[in-house]
Participant: 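Input: one structure, supplied below.
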Amino acid sequence: MQHKRTLAGIALAAAAVVTLAGCSTTSSASTSKDDTDWKTATSAESAGGMDALVTAAKAEGQLNVIALPPSWANYGKIIDGFTKKYDITINSANPNGSSADEVAAVESQKGQDTAPDVLDLGNAVLQENLDLLTDYKVANWDDIPTDLKEQDGAWTRDYTGLMSIGYDSSKITDAPKDLNDLLGSAYKGKVSIAGDPTQANQAASAVYLAALENGGSADDITKGVDYFGDLKKAGNFQNVLPTQATVASGETPVVIQWSYNNLAWGPAAGASGNKDWKTVVPEGQALGSYYSQAISADAPHPAAARLWQEYIASPEAQNLYLQAGAFPATLTAMEKSGKVDQDALDAAGGAPKDYVELTDAQVADAAKVLAAKWSSTMGS
């Protein structure tokens, strides 16, 4: 999917955003009382219906998730909502992990009760690991646009944000307008990204945006790698993994990451956030990237895994994403049905209409560039 974002659209989104300024388990039987094999069920309807799925999931009593920070796209509230609704314990492993860490856990814990049941993956890692997934279509499958789902149900896109710059306004007095502003002397030792771009989609997306801002394109992100080389040469790149805690303490005063994460780490977080934290969607080309939901083919709690997919695709959870400034995959359908949280949509600047998102092929090519050039360019 390839889009271009108009300058007027960027200004609207930027204004709105700035204003907003594992534990081990014991596996239960993977079949329900009627001997349905939920490991192979491709929909609730095909295996006895939603009531049967809920019953089987409650019998399992557990769900293993991974790499879902509570502040990321409102996952704290989403996890709480699922637990309260179904009385199923969620075991959340490695909340600050990357998409690559999720895959590593699936592979290293294969056959164990602690293995991840469900995954939330960036596209590059997703496309390289399709053999680890199993097909499942949620009840409101038709609410998900065709280009945001795999036709047999191996994965569905779920939410996106816009790549943004978060900054501590008590340390940076002039708001940056774009990534090239970050090359200036005011940003010495202050600019970080969310992980290793060869491992984490959010970090890779910072490189994609840098390419778009510097004469590159979605087809060739080499100039994005070059930009970060220049950022390091200027002494401005900070090789520290930013978290809500490092932002609150002032350790990482400038972070390039998804808009919903920058928003979550600022005043919206209350005492846990940084009251001086502001968020800017850079001028020029804007960049989005949906994360995908999937079920591990080796899920130790297959019914709970499928019920989780049903829950996060429902208007209840999709609106929770939206309340954090993340745009959900079923947004258009919710707008048409009147189920969207309109206040949250207005606060997020309205549905993003014109922006760039790399296609699967472009992501695969970008991953090759990062694998070949990132380490040598950054000297790591």
Side-chain angles (χ1 to χ4, degrees), residues 22-23 25 27-28 30-32 36-70 72-95 97 99 102 105-106 109 113-121 126 132-141 143-144 149-150 153-159 290-321 326 328-330:
C23 56
T25 66
S27 173
S28 299
S30 64
T31 58
S32 61
T36 297
D37 185 357
W38 287 101
K39 264 193 177 297
T40 59
T42 56
S43 69
E45 183 181 10
S46 70
M50 279 298 299
D51 288 346
L53 176 58
V54 171
T55 297
K58 285 186 173 182
E60 291 173 351
Q62 306 278 337
L63 176 72
N64 298 341
V65 303
I66 184 170
L68 298 183
W72 177 292
N74 233 2
Y75 265 118
K77 289 184 178 180
I78 291 170
I79 288 171
D80 288 346
F82 180 82
T83 299
K84 182 177 180 180
K85 186 168 186 174
Y86 297 112
D87 195 26
I88 293 172
T89 300
I90 290 185
N91 308 304
S92 181
N94 194 9
S99 294
E102 296 182 55
V106 170
Q109 298 178 46
D113 293 340
T114 55
D117 288 303
V118 291
L119 302 168
D120 181 286
L121 296 170
L126 171 75
L132 299 180
L133 314 178
T134 192
D135 295 342
Y136 184 77
K137 294 183 179 181
V138 293
N140 62 333
W141 181 254
D143 288 347
I144 304 170
K149 59 191 176 186
E150 196 277 326
W155 51 262
T156 58
R157 308 286 193 233
D158 203 28
Y159 60 91
Y290 277 90
Y291 282 78
S292 294
Q293 303 297 320
I295 299 172
S296 169
D298 189 50
H301 310 104
R306 285 157 173 77
L307 186 59
W308 172 256
Q309 300 299 305
E310 296 284 358
Y311 179 72
I312 58 176
S314 71
E316 180 179 348
Q318 295 276 290
N319 275 321
L320 286 173
Y321 286 125
T330 66

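Just so you know, these numbers use all the heavy atoms, side chains as well, and skip hydrogens, waters and symmetry mates.
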Participant: What are the two closest non-hydrogen atoms of Ser292 and Trp155, and how far apart are they?
Facilitator: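 Looking at all heavy atoms of both residues, the closest pair is OG-CE3, 4.0 Å.
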Participant: Give a yes or no on whether the backbone of Thr114 and the side-chain of Asn91 come within a donor-acceptor separation of less than 3.5 Å.
Facilitator: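 No; judged by distance alone, with no hydrogens or angles, the pair does not exist.
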Participant: Are a donor atom and an acceptor atom from the side chains of Tyr159 and Gln293 found within less than 3.5 Å of each other?
Facilitator: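 Note: Tyr159 and Gln293 side chains miss the donor-acceptor criterion.
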Participant: Is there a side-chain contact between Arg157 and Leu126 in this structure, where contact means two heavy atoms from C-beta onward sitting under 4.5 Å apart?
Facilitator: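 In contact.
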Participant: Without swapping roles, check the side chain of Gln309 against the backbone of Tyr136 for a donor-acceptor pair under 3.5 Å.
Facilitator: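 Side chain of Gln309 to backbone of Tyr136: no pair is present.
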Participant: If you define the side chain from C-beta out and look only at heavy atoms, does anything of Pro300 sit under 4.5 Å from Asp117?
Facilitator: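 A side-chain contact under 4.5 Å exists here.
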Participant: How close do Ala294 and Ala154 get, heavy atom to heavy atom, and via which atoms?
Facilitator: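 Result for this residue pair: CB-O, 3.6 Å.
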Participant: Distance from Asp298 atom CG to Gln109 atom CD, nearest 0.5 Å?
Facilitator: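 It is 10.0 Å, given to the nearest 0.5 Å.
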Participant: Got Ile66 and Leu119 here, is their nearest side-chain heavy-atom distance under 4.5 Å?
Facilitator: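 They are in side-chain contact.
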Participant: side-chain contact (heavy atoms from CB on, under 4.5 Å), that's the test. Do Thr156 and Val138 meet it? Break it down for me.
Facilitator: CA-CA 10 Å; Thr156 58; Val138 293; 5.7 Å; no
Participant: When you measure from the side chain of Arg306 to the backbone N and O of Trp38, does any donor-acceptor pair fall under 3.5 Å?
Facilitator: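 A pair under 3.5 Å: yes.
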Participant: Is it true that Gln318 and Asp158 share a donor-acceptor pair across their side chains at a distance under 3.5 Å?
Facilitator: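 Yes, because at least one side-chain N or O of Asp158 sits under 3.5 Å from a partner of the opposite role on Gln318.
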Participant: Tell me whether Glu45 at atom CD has more than 12 heavy atoms from other residues, nucleotides or ligands lying less than 6.0 Å away.
Facilitator: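 Atom CD in Glu45 is not packed in, count stays at 12 or less.
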Participant: Rounded to the nearest 0.5 Å, what separates atom CG in Asp80 from atom CG in Asn74?
Facilitator: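 Interatomic distance, Asp80 CG to Asn74 CG, rounded to 0.5 Å: 10.0 Å.
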Participant: What is the distance from atom CD of Glu102 to atom CG of Leu132, rounded to the nearest 0.5 Å?
Facilitator: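 Those atoms lie 11.5 Å apart.
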Participant: Answer yes or no: is there a side-chain heavy-atom contact under 4.5 Å between Trp308 and Ile90?
Facilitator: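 Trp308 vs Ile90: side chains touch.
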Participant: Using every non-hydrogen atom in the two residues, find where Ala57 and Ala303 come nearest and quote the distance to one decimal.
Facilitator: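 Heavy atoms only, the tightest pair is N-CB, 3.6 Å.
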Participant: Quick one: sort the Tyr75 and Tyr321 rings into parallel, tilted or perpendicular, breaks at 30° and 60°.
Facilitator: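 Ring orientation of Tyr75 relative to Tyr321: perpendicular.
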Participant: Which heavy atom of Ala313 sits nearest to which heavy atom of Asn140, and what is that distance?
Facilitator: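 Smallest interatomic distance, heavy atoms only, reads O-ND2, 2.8 Å.
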Participant: Restricting to non-hydrogen atoms, name the atom on Ala44 and the atom on Leu53 that form the minimum distance, rounded to 0.1 Å.
Facilitator: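 Looking at all heavy atoms of both residues, the closest pair is CB-CD2, 4.1 Å.
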Participant: Got a sec, which residues hit salt bridge (charged side-chain N to carboxylate O under 4.0 Å, His left out) with Lys77, two or more places apart in sequence or on another chain?
Facilitator: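 So Lys77 forms no salt bridge (charged side-chain N to carboxylate O under 4.0 Å, His left out) with any residue.
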Participant: How long is the gap from CZ on Phe82 to CG on Asp87, to the nearest 0.5 Å?
Facilitator: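 Phe82 atom CZ to Asp87 atom CG measures 10.5 Å (nearest 0.5 Å).
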Participant: Answer yes or no: is there a side-chain heavy-atom contact under 4.5 Å between Thr134 and Lys39?
Facilitator: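 Thr134 does not reach Lys39 side chain to side chain.
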Participant: If we only count heavy atoms from C-beta on, is the Ile78 to Tyr311 side-chain gap below 4.5 Å?
Facilitator: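 Ile78 reaches Tyr311 side chain to side chain.
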Participant: CD1/Ile295 to NE2/His301 distance, rounded to the nearest 0.5 angstrom?
Facilitator: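 Reported to 0.5 Å precision, the distance equals 13.5 Å.
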Participant: When you compare the side chain of Ile312 with that of Val118, does any pair of heavy atoms fall below 4.5 Å?
Facilitator: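 No - every pair of side-chain heavy atoms lies 4.5 Å or more apart.
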Participant: Do Met50 and Leu307 have side chains that approach each other closer than 4.5 Å (heavy atoms only, starting at C-beta)?
Facilitator: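 Side-chain contact under 4.5 Å: yes.
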Participant: How many angstroms lie between atom CD1 of Ile88 and atom OG1 of Thr83, to the nearest 0.5 angstrom?
Facilitator: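 The CD1 atom of Ile88 sits 8.0 Å away from the OG1 atom of Thr83.
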Participant: Look at the aromatic rings of Tyr291 and Trp72 and report parallel, tilted or perpendicular, splitting at 30° and 60°.
Facilitator: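 The arrangement is perpendicular - the two ring planes meet at more than 60°.
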Participant: Taking all atoms of both residues into account, what is the closest heavy-atom pair of Ala299 and Pro302, and its distance?
Facilitator: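 Minimum heavy-atom contact is O-CD, 3.6 Å.
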